[in-house]
Amino acid sequence: MSQMVINGGKKLKGRVIISGAKNSVLPLLAATVLCDGEVTLRNCPDISDVDTALLILNLLGIETKFTDNTAFINAKAPLNTILSETVMRKMRSSIVFTGSILARRGKAIVAYPGGCELGPRPIDIHIEALKKLGAVVTEDNGKLIFTAPNGLVGTEIDLKISSVGATENIILAASLSKGTTVINNAAREPEIDDLINFLTIAGAKINGKGTSTITVFGVEKLSAIDYFIMPDRIEAATYISAVATAGGEITLENVTPKHIESIIEVYKNAGCEITAKGSTLTVKQNNGLAALPYVKSMPYPAFPTDAGPLLVASLINAKGTSVYVEGVFENRFRFVSELKRMGADIKIEGRAAVINGKTLSPANCRCYDLRGGAAVVIAALGIKGKSVISDIEYINRGYEKITEKLNALGADVYIKE
Ligand code: EPZ
């Protein structure tokens, strides 16, 4: 199991190119199941979650190729309808393939998904929504069997939580269903806009992009298209947090400032100088961070839950006491135990983390999930001395070339096999 060794305490300087969005490419790969012909997805990040999603397509009988950050998918109705337990355990967001498979073949068999541990991650909203579209769901030996022998029929769906994955699953299923589907309390994350853009170009009829009411008018077929994936706003947040923590001045390229307004505001409040110019963002911090009395993550456009662990990692050596509240997931604080190994003074009270900034020491830590792992890396960058981070497979799920990108910014990071 490889480890990341970080010789921290070095200020960051230079430019970093932000990759395509992990949380966009996954639903887009699920959308290719609805198309016929060769789909080209450009600006595709070279990360293990994409490898897993391409494997899912291959197991469905769909040929794929991946070169130079471009995925080529020979899209057609899947020959198989089973999402194997192996891949479902590897990546929870695999559930988003269900809607597409069901819409194309009238059947989908999926195992309960696995993926990062962020507290219980139910899929009840997905199941209820697909049933409302006409699917019959039965359970057999840990597998869910969705059938819609007469096809899916559009309807009105009220989401009890504005779930990103469920919103995506419904849009995918509804695009090729008969009739019209209205999704109320839909999630508004930018990745959903990217999915709607892709489907619309492929021939889908979808209104309400960017709002919490999305209307999908089912069509007969979708064509193969060539599409450029939006930038990864959480990877951008990760490098903002890195320079906020280690100090220095960096420029991020290929960002969409509009998607990270809430993140920019929070780091400006903590004392960073941030200027956006077109698709670049310059971030500077040389006087240490000020504590933040209260930040709570909520669905978009609020401060995103995925940037929560990154912010906590920045605040552990800020001047004063900060409070971060996790507003989306039950439990996203497993990484805190690893920051405490560095001497961090953090108290978890329910969904709140109360952080008293102080000087820290390097330590040996591990990753429990993607963003928690990134938080440990960020913390280590700001601490003079050698920290060793294990289980970095979690980090490789969502960050393309993170070691190369950090070293190009003047960090001193290497991988120990
Ligand atoms: C997506 O996960 C992202 N993943 C997550 O990013 C992100 O944290 C999350 O949205 C929130 O923005 C991908 O897009 C691949 P949800 P998703 O359904 O769709 C509850 C990362 O680090 N819920 O919006 O799984 C759920 O438990 C990952 O990149 C139900 O109760 O998130 C959570 O409390 C982590 N029943 C809340 O809704 C359901 O059926 C929001 O979850 C589904 C969700």
Side-chain angles (χ1 to χ4, degrees), residues 19-31 45 47-50 52-53 56 88 90-99 110 112-132 137 144 157-172 183 185-195 212 229-230 232-238 259-260 262-263 297-311 326-335 351 367-375 394-400:
S19 302
K22 166 184 89 80
N23 291 348
S24 188
V25 70
L26 299 178
L28 289 177
L29 286 169
I47 54 177
S48 62
D49 268 10
V50 169
T52 304
I56 289 175
M88 291 296 286
K90 271 175 84 170
M91 187 173 71
R92 180 190 181 283
S93 41
S94 325
I95 188 72
V96 85
F97 281 80
T98 315
V110 299
Y112 271 97
C116 283
E117 293 308 315
L118 301 179
R121 293 188 69 191
I123 54 171
D124 54 323
I125 301 174
H126 294 255
I127 295 168
E128 286 319 305
L130 292 173
K131 280 165 77 171
K132 286 205 75 171
V137 188
L144 287 167
I157 297 173
D158 300 325
L159 294 182
K160 65 176 182 182
I161 298 175
S162 55
S163 155
V164 172
T167 301
E168 291 164 345
N169 225 341
I170 300 165
I171 290 171
L172 290 163
I183 310 169
N185 194 28
R188 296 169 49 199
E189 272 63 10
E191 292 77 18
I192 292 169
D193 296 354
D194 221 21
L195 176 62
S212 50
I229 297 165
M230 67 173 239
D232 192 318
R233 60 193 172 102
I234 307 301
E235 186 192 19
T238 306
H259 291 164
I260 53 174
S262 58
I263 295 162
S297 60
M298 290 300 280
Y300 191 86
F303 185 83
T305 171
D306 293 344
L310 314 174
L311 179 63
E326 170 52 46
V328 176
F329 286 105
E330 297 281 310
N331 163 20
R332 198 160 193 169
F333 290 128
R334 281 190 76 183
F335 69 96
R351 289 198 179 196
C367 306
Y368 288 105
D369 62 66
L370 170 60
R371 307 303 176 186
Y394 283 105
I395 294 177
N396 297 334
R397 289 188 52 177
Y399 289 101
E400 181 178 38

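One is the number of the first residue; the rest follow in order along the sequence. Counting starts at 1 for both ligands and their atoms, following the listed order. What's counted below: heavy atoms across the whole structure, side chains too, no hydrogens, waters or symmetry copies.
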With a 4.0 Å heavy-atom cut-off (strictly under), which part of Val164 contacts ligand 1: side chain, backbone, both or neither?
both
Please enumerate all residues that pass side-chain contact (heavy atoms from CB on, under 4.5 Å) together with Asn185, with sequence neighbours excluded.
Leu159, Ser162
Using a 4.0 Å cut-off to any heavy atom of Gly165, which atoms of ligand 1 qualify?
18 (O), 19 (O)
4.0 Å heavy-atom contact, Met91 with ligand 1:
no
Would Thr305 count as a polar contact of ligand 1, with the cut-off being nitrogen or oxygen pairs under 3.5 Å?
no
Nearest heavy atom to atom 14 (O) of ligand 1 wins, so pick from Ile161, Ile123, Asn23.
Asn23
Please identify which atoms of ligand 1 are closer than 4.0 Å to at least one heavy atom of His126.
40 (O)
Decide whether an N or O pair under 3.5 Å exists between Leu370 and ligand 1.
no
Between the main-chain N or O of Ala187 and the side-chain N or O of Thr167, is there a donor-acceptor pair closer than 3.5 Å?
yes
Is a side-chain donor or acceptor of Asn169 paired with a backbone partner of Ile95 at a separation under 3.5 angstrom?
yes
Please state which option from Val96, Asp306, Asp232 has its nearest heavy atom closest to atom 35 (C) of ligand 1.
Asp306
Is a donor on one side and an acceptor on the other found under 3.5 Å between the side chain of Asp232 and the backbone of Ser19?
no
Note: ligand 1 atoms sitting under 4.0 Å from heavy atoms of Lys22 are 21 (C), 29 (O)
So is there a nitrogen or oxygen of Leu26 less than 3.5 Å from a nitrogen or oxygen in ligand 1?
no
Salt-bridge present (Arg92, Asp49; N to O < 4.0 Å):
no
At a non-hydrogen distance cut-off of under 4.0 Å, which region of Glu168 contacts ligand 1 (side chain, backbone, both, or neither)?
neither
Please check this pair: side chain of Glu189 against backbone of Tyr300, looking for a donor-acceptor N/O pair closer than 3.5 Å.
yes
What's the separation between atom CD1 in Ile229 and atom CG in Leu195, rounded to the nearest 0.5 Å?
11.5 Å
Give the atoms of ligand 1, by number and element, whose distance to some non-hydrogen atom of Arg371 is under 4.0 Å.
21 (C), 22 (O), 29 (O)
Polar proximity ligand 1 side, Phe329 side, N/O cut 3.5 Å exclusive
no
List ligand 1 atoms under 4.0 Å from Ser93, heavy atoms only on the residue side.
15 (C)
So is Ala166 in contact with ligand 1, going by heavy-atom distances below 4.0 Å?
no
Under 4.5 Å between any side-chain heavy atoms of His126 and Ser163, yes or no?
yes
side-chain hydrogen bond (donor to acceptor under 3.5 Å, both in side chains) partners of Asp124, counting only residues at least two apart:
Lys160
In plain terms, say whether Glu191 and Arg233 are close enough for a salt bridge, that is, a side-chain N and a carboxylate O under 4.0 Å apart.
yes
Arg332 heavy atoms, cut-off 4.0 Å: which ligand 1 atoms fall inside?
8 (O), 22 (O), 35 (C)
Please verify whether a non-hydrogen atom of Asp124 lies at under 4.0 Å from ligand 1.
yes
With heavy atoms and a 4.0 Å threshold, my read on which part of Asp369 contacts ligand 1 is neither
Determine yes or no for a side-chain-to-main-chain donor-acceptor pair under 3.5 angstrom, with Glu128 supplying the side chain and Leu130 the backbone.
no
